[in-house]
Amino acid sequence: MNRQWMEFTENIKRLYKKDFVALHEPTFNGHEVNYVTDCINTGWVSSVGSYVTRFEEGLADFVGVKRAVAVVNGTAALHIALKIVGVEANDEVLIPSLTFIATANAVSYLQAIPHFVEVDEKTLGINTIKLESYLREIAELHQGDLYNKQTKRRIKALVPMHTFGHPCMMDELVAICDKFKLVLVEDAAESLGSYYKGKHTGTFGKVSAMSFNGNKIITTGGGGAILTDDEKLADYAKHLTTTAKVPHRWEFVHDEIGFNYRMPNINAALGCAQLEKLPKFIEQKRDLAKFYQKVIMNIEGVELLKEPAYAQSNYWLQTIMLDERYKRDELLDFLNENGVMSRPIWKPMHELEMFTECPKMDLTVTERLEQSIINITSTPVGVK
Ligand SMILES: *Cc1c(COP(=O)(O)O)cnc(C)c1O
């Protein structure tokens, strides 16, 4: 590797004042210790407590939805989101192949089948033009439901994912869902703090899911949330994620097979403190993107992934795109050896053993992107 990349790693280590810079570390410099200590001192660490409600209300308020239901992780949030919109066994659910495993797993938990769709090179979100012509070709409406003409299965929902915090083309996706009678469920796990035309991601779907895993823009240790404007669906999500227990002072009655997916109070306490810092994290990540833009500009054959013109991104994970002159793994080796932790994007879902038989459209772009994307250090830091 040449001098330019050496300088690149030096610049980053100087910025973070470290010899080894991790890909993404949580930042706890607010009221985290106070709130968590409060849980321990009062004994309210588990399944009941005021921080859960406070976190749910704070989150819903920030995003601009009526309700948020806090759960144990983002995968559980997706699972329940898909269940409450009516995804059933043997349905197909359209998802990008270029996503984290959680999206495909959540579909599978319902005995439904992931149906993989192509992404756009510029946004890494679903390619809406290709999706529309693909659906015209392979699907047909029958009594208000969309069916796959080849497999004969119902195609129930579409799950766009806002990759690394960059919003998908939501107007087009909403129009496709209207036209083809698909339920829109957003995987907004990576996009807390990202806006499409001024409207927060996760507010376009009937329901959406977020994650507060340790590497996300805010963390509750592990955690997730189901977001919706539909009060009835929110109540049902709460019910299902709290073992479907019928409220009663002392009796244990459950009216269906529920899930123990509720977020513990101690995690929500962490979340409340993190929410207070969220605006700062977003600002720092956006500044970090500008910093990277400056240092990367001088290197040939690479580009920083920038927010689409219609969007304001949280720049959750900083992303560089390599052209053909690069061998991805050589650069990964170099960066990791020189103190800048970097990693490739996920292996596309359709290439994983358990999903190779799933229906899919042409995924040439997805396959090409796999070889040309690297994520670099993204922990919020004071750039200015
Ligand atoms: C993080 C993430 C999730 C949820 O992951 P959990 O670890 O279960 O919280 C879902 N989808 C995407 C795209 C993610 O990045």
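By convention here, the first residue in the shown sequence is residue 1. First listed ligand is number 1; within each ligand, the first listed atom is number 1.
A salt bridge between Lys122 and Asp120 is absent, with no side-chain N of the basic residue lying under 4.0 Å from a carboxylate O of the acidic one. Salt-bridge annotation for Asp229 and Lys66: absent, with no side-chain N of the basic residue lying under 4.0 Å from a carboxylate O of the acidic one.
Considering Ile374, Leu335, Leu23 as possible partners of Arg343, the one that fulfils the side chain to side chain contact (heavy atoms under 4.5 Å, CB included) test is Leu23.
When each atom of ligand 1 is checked for a heavy atom of Thr99 under 4.0 Å away, the hits are 13 (C). Close contacts between ligand 1 and Thr75 involve ligand atoms 4 (C), 5 (O), 6 (P), 8 (O) [criterion: under 4.0 Å to a heavy atom]. Listed by atom number, the atoms of ligand 1 under 4.0 Å from Met161 heavy atoms are 13 (C). Listed by number with element, the atoms of ligand 1 under 4.0 Å from a non-hydrogen atom of Ser211 are 1 (C), 4 (C), 5 (O), 6 (P), 9 (O).
Looking only at protein heavy atoms, the nearest one to atom 3 (C) of ligand 1 is Ala189 CB, 3.5 Å. The protein heavy-atom contact nearest to atom 1 (C) of ligand 1 is Lys216 NZ, 1.5 Å. When hydrogens are left out, the protein atom nearest atom 15 (O) of ligand 1 is Glu190 OE2, 2.5 Å; that is the closest non-hydrogen contact. Scanning the protein for heavy atoms near atom 6 (P) of ligand 1, the closest one is Gly74 N, 3.5 Å.
Figure legend: Arg136 and Phe180 shown without cation-pi pairing, the cationic atom not lying both under 6.0 angstrom from the six-membered ring centre and within 45 degrees of its axis. A cation-pi geometry, defined here as NZ or CZ lying under 6.0 Å from the six-membered ring centre and within 45° of its normal, does not hold between Lys152 and Tyr147.
When the side chains of ILVMFWY residues are joined at heavy-atom separations under 4.5 Å, either directly or via intervening members, Val246 and Tyr236 end up in two distinct hydrophobic clusters.
Only side-chain heavy atoms of Asp187 come within less than 4.0 Å of ligand 1; its backbone N, CA, C and O stay farther off. Residue Asn215 does not touch ligand 1, judged by heavy-atom distances below 4.0 Å.
Side-chain rings of His79 and Phe259 approach one another, their centers coming within less than 6.0 Å.
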